[in-house]
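The sequence lines fix the lettering, A, B, ..., with proteins before strands; numbering per chain opens at 1.
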Amino acid sequence: MPAKLRSITEPLLKWYDRHHRTLPWRSPPGEPRADPYRVWLSEIMLQQTTVAAVKPKFEAFLARWPSVEALAAAQDADLMAAWAGLGYYARARNLIACARVVTAAGAFPETEEGLRALPGVGAYTAAAVAAIAFGEQATVVDANVARVAARLFAIETPLPAGMAAIREVVAEITPADRPGDFAQAMMDLGSAVCTPRAPACLACPLSAACVGYASGAPETYPTKLAKAAKPQRYGTIFWLEDRGAVLLVRRPPKGLLGGMRALPTGPWAAEPPGLANAPEAAEWRMLDGTVVHVFTHFRLELALAVGTAQRHSNAGEWWPIADLDSAGLPTVFAKAAAACRRAR
DNA sequence: TAGACGTGGTC
DNA sequence: TGACCAAGTCT
């Protein structure tokens, strides 16, 4: 084993044996394999999502759908509703598609290449599942690993272009023995020690090998390109009520909040759209105030229009207002619904 | 390659 | 308060 590799993997894995987090989808350190269903489900949920947000969702999914076969048999609407609040809803659509592919095939693919072909499984997730569930020496690079590696080797190329150099060095230091523990150790280290703002270098098992630490300014790595400003958009939410129920619709299957239940809404545009695309002719009353919600790529300010239906239209589902929590609304609509219920 | 795609927590 | 950030993927 090359000295460079040993000087990193040995202290890292020793640190992991002592300081690893215990998480519901994890096997203890030293286990060469783990349950692929749990590993896959957790990795999908963890994409761009914090451990704290994932833990209760993971437990709920595992209790309700204890195997990939059970998940494959779920109703789409039930799964989408169960995912509500986690965000990035394409993950939920791909999750059920993936479960059905795996169930039809009889088992998860056991190689990085095979996993990569599954819906919703990209370069990171394929490598993570291959390493953690199947013990493959795959190169696992998420935001934590990228940050640790960029500091360890003082990689100057800004992200995302710098990812190529990062992948190279991570491939060099990934051991054949315990590749899954190595990946999770890098992630735990990035989460607890090699943090974005104020890394705890004095507590780091890799500080002796770290070029970024030696430079005196490890927190400057990885460098990143400036982001574009978020545009402002405006919309109107329609709260149409009849005999204790409110009208909900299903969003189109793709795009923003695709496939999710929602309150009716007009366009989300650069100017307030007023009552455009109101669900039916009704006496709309505008509530005071607005609901603000910030998405990844724009900021949205919603006006709230409330009306009473003359008759039940069949343009959507009439949902009992007292039971709205079980509708599985994305957070932006849950916020708007709460504001309407308070103020109407 | 760059933009679409959610949400909640932190400082 | 707002900008940054999180176990990314798809097109």
Using a cut-off of less than 4.0 Å, is there contact between a side-chain N or O of [X] and OP1 or OP2 of [N]?
{"X": "H297(A)", "N": "dA4(B)", "answer": "no"}
{"X": "R299(A)", "N": "dT7(B)", "answer": "no"}
{"X": "Y88(A)", "N": "dA6(C)", "answer": "no"}
{"X": "H293(A)", "N": "dG6(B)", "answer": "no"}

What is the nucleic acid contact for [X], judged by heavy atoms within less than 4.0 Å: base, sugar-phosphate only, or nothing?
{"X": "T331(A)", "answer": "sugar-phosphate"}
{"X": "G255(A)", "answer": "sugar-phosphate"}
{"X": "T125(A)", "answer": "sugar-phosphate"}
{"X": "R147(A)", "answer": "sugar-phosphate"}
{"X": "V294(A)", "answer": "base"}
{"X": "L257(A)", "answer": "sugar-phosphate"}
{"X": "P160(A)", "answer": "nothing"}
{"X": "G190(A)", "answer": "nothing"}
{"X": "A123(A)", "answer": "sugar-phosphate"}
{"X": "A143(A)", "answer": "sugar-phosphate"}
{"X": "L23(A)", "answer": "base"}
{"X": "W40(A)", "answer": "nothing"}
{"X": "R26(A)", "answer": "base"}

What is the distance, to the nearest angstrom, from the [atom1] atom on [X] to the [atom2] atom on [N]?
{"X": "L159(A)", "N": "dG8(C)", "atom1": "CG", "atom2": "P", "answer": "12 Å"}
{"X": "L86(A)", "N": "dT7(B)", "atom1": "CG", "atom2": "P", "answer": "10 Å"}
{"X": "Q47(A)", "N": "dC5(C)", "atom1": "CD", "atom2": "P", "answer": "20 Å"}
{"X": "F298(A)", "N": "dG2(C)", "atom1": "CZ", "atom2": "P", "answer": "18 Å"}
{"X": "E112(A)", "N": "dT9(C)", "atom1": "CD", "atom2": "P", "answer": "11 Å"}
{"X": "W83(A)", "N": "dT9(C)", "atom1": "CH2", "atom2": "P", "answer": "12 Å"}
{"X": "L300(A)", "N": "dT7(B)", "atom1": "CG", "atom2": "P", "answer": "11 Å"}
{"X": "L95(A)", "N": "dT9(C)", "atom1": "CG", "atom2": "P", "answer": "14 Å"}

Minimum-distance nucleotide to [X] side chain [options: [options]]:
{"X": "L256(A)", "options": "dC10(C), dC5(B), dT9(C)", "answer": "dC5(B)"}
{"X": "K224(A)", "options": "dG6(B), dC5(C), dC10(C)", "answer": "dC5(C)"}
{"X": "K227(A)", "options": "dT7(B), dC5(B), dC5(C)", "answer": "dC5(C)"}
{"X": "R197(A)", "options": "dA6(C), dC10(C), dC4(C)", "answer": "dC4(C)"}
{"X": "V332(A)", "options": "dA6(C), dT7(B), dG8(C)", "answer": "dT7(B)"}

Handout entry: Side-chain donor/acceptor contact of T49(A) with base of dG6(B) under 3.5 Å
Key = yes

Completion exercise
Judged by nearest nucleotide, the residue sitting upstream toward the 5' end of DNA chain C, D142(A) or N94(A), is D142(A)

Exercise for the section: Identify, between Q48(A) and K254(A), the residue whose nearest nucleotide on DNA chain C lies closer to the 5' end. Expected result: Q48(A)

Handout entry: F61(A) ring center near F58(A) ring center (under 6.0 Å)
Key = no

Practice task
Return the orientation label for the H293(A) and F295(A) ring planes: parallel under 30°, perpendicular over 60°, tilted otherwise.
Solution key: perpendicular

Practice task
Using the P atom as the reference point in each nucleotide, state the distance between dC4(C) and dG3(B) in Å, no decimals.
Solution key: 16 Å

Exercise for the section: Please tell me which of A228(A) and L329(A) maps to the more 5' nucleotide of DNA chain B, matching each residue to the nucleotide holding its nearest heavy atom. Expected result: A228(A)

Problem - T296(A) vs A161(A), nearer the 5' end of DNA chain B by closest nucleotide - result: A161(A)

Exercise for the section: Compute whether any side-chain donor of one residue and acceptor of the other, for Q184(A) and R26(A), lie under 3.5 angstrom apart. Expected result: yes

Problem - Y124(A) side chain to E43(A) side chain, donor-acceptor N/O pair below 3.5 angstrom - result: yes

Problem - Residue pair L240(A) / W284(A), side-chain heavy-atom distance below 4.5 Å - result: yes

Exercise for the section: Output yes when R178(A) and D17(A) qualify as a salt bridge under the 4.0 Å nitrogen-oxygen rule, no when they do not. Expected result: yes

Problem - Shortest non-hydrogen contact from T236(A) toward A305(A) - result: CG2-CB, 4.0 Å

Handout entry: Heavy-atom donor-acceptor pair, D181(A) side chain to G30(A) backbone, under 3.5 Å
Key = yes

